[in-house]
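In this chain, residues are counted from 1 in sequence order. Note that these values count all heavy atoms, side chains included, but never hydrogens, waters or copies made by symmetry. Since the model is a prediction, treat every value here as computed from it, not as a measurement.
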Amino acid sequence: MKETGAISGVSVAHSRATVDEIEAAGGDGVRATVSDLLARDGVEEAFALQTCNRSEAYVVTDRTVDGSVALESFAPEVRGGAVRRLDHEESLKHLMRVASGLESLVIGEDQIIGQLREAYEESKSAGGIGPVLKDAVTKALHVGERARNETSINEGVVSLGSAAVRLAASEIDLTDGSAVVVGAGEMGTLAARSLDDTAISEIVVANRTVPNAAFVAGEVDTPAAAVPLADLATVVPDADLVIAATGSPDPVIRSEHVTGADRLVCIDIAQPRDVDPELAEHDGVTLYDIDALEDVTRRTRESREAEARDVEAIIDEELDRILEAYKRKRADDAISAMYAGADRVKAREVDRAVSKLEAQGELTDEQRETVEDLADALVGQLLAAPTRSLRDAAGEDDWETIRTALQLFDPEFDTLPEGPGGSERGRDAAPGDMEAPPDSVTEELDD
């Protein structure tokens, strides 16, 4: 019976790290990160999450030291102060906070739920999701849904897209102006909708796939057009505002795209960056990135403090439930191993004893039942004390005792080695109980 492993996590997020540091962490995307982590010694499961303001990874290992070592490769070039390392309980709680929007730059924002689900599916496709991370991420998503259904944490909340528009409006007069939205994904769509609520007179949506850009353009009432990214050099210089939000691994707006721009505000909400940082030195261009949105979102964060306390209560409740479930599972793994092995040994030894007794004279059904009852009573009493000890160990987070029990009661521990001539030697009958294992062995984690 294999032990249920523990989670180790690492987070590089906007609360501690800069945009450049977030971009530097995690390598080449979720699948590549998960595949790399799975190749590390001792890693059984792996999950990665990468959004515009966070890059995180989680692994499941039998030994926590293996988890720490495996995650050292996640952000090797990021300064230590920007990296947060998480143990099992911290990882579970952090995932719940992320899903509920408490860790977002824009507190309570809804986009993180979809991003977490997408990261889960990508990690699963890379072979990284097993029973431990499945329960952890599923629980986090459940908490995220509860937070939004049972509180007003996301009521009136702004997205990064609308925060970008608010920032732009504080810098320039958008009345009768023109804006270019680069990217037709979720963030680009949110930015276009936010612009639609301003006095801007024209919106251009640029995207690699023009039909997708046309779809976003059709979502707004403001006159809008769709163009390919190849037309950026034509539409950007005439715009007052550019909001960039693609999923491109490389910058899509460079110096050649702003030639001739007079007074252009560029707001880059993409991760990795969509706008070449060198444009900040370009005359006529004012460039803002995600870090600049912190001040814009501060007021929203303050207004959500009361709701956040209600969400924290939900998280504490669900964290207690999943931790208790993990503790039961860890103890039950060892208990189940004891019962399974003892069951096999007991059956074999009872058959051996009955065969010897029958050789001395035919046994009645009552006599055979007496032998089996005797075996049941003996092993039941022998297993009672270690069962209690293992449950106590789980309650006290004594995983070393549980790990030792799992090693002692390996599924093959009852296989007897052969002596000379093929005879069995070292016939040590392991204790076991023929009654069904405890109900808790088959209990699943609470939803």
- request: Using atom types as modelled and distance alone, determine if a side-chain donor or acceptor of D274 lies under 3.5 Å from a backbone N or O of V252.
  value: no

message: Hydrogens and angles aside, do D176 and S201 bring a side-chain donor and acceptor to less than 3.5 Å of each other?
response: no

message: Students often mix this up, so state it plainly: with edges at 30° and 60°, are the rings of F47 and Y120 parallel, tilted or perpendicular?
response: tilted

task: In sequence, state the C-alpha distance, the side-chain angles, and the governing distance for R148 and I153, and then conclude on side-chain contact (heavy atoms from CB on, under 4.5 Å).
output: CA-CA 6 Å; R148 289 162 178 81; I153 190 67; 4.3 Å; yes

Salt bridge present between R273 and D20 (N-O < 4.0 angstrom): yes

query: Quick one: do E318 and R146 make a salt bridge, cutoff under 4.0 Å?
result: yes

query: Would you say the side chains of T51 and Q115 form a donor-acceptor pair under 3.5 Å?
result: no

query: Do R193 and D197 meet the salt-bridge criterion of a basic N to acidic O distance under 4.0 Å?
result: no

- prompt: Any side-chain donor paired with an acceptor under 3.5 Å for T175 and D173?
  reply: yes

Rounded distance [0.5 Å steps], NE2 in H257 versus CG in L264: 12.5 Å

- prompt: What distance separates K134 NZ from I129 CD1, expressed to the nearest 0.5 Å?
  reply: 10.5 Å

message: Within the 3.5 Å criterion, strictly below it, is a donor on E202 or S178 matched to an acceptor on the partner's side chain?
response: no

- line: Heavy-atom nearest pair, A70 first then V43, reads CB-CG2, 3.6 Å

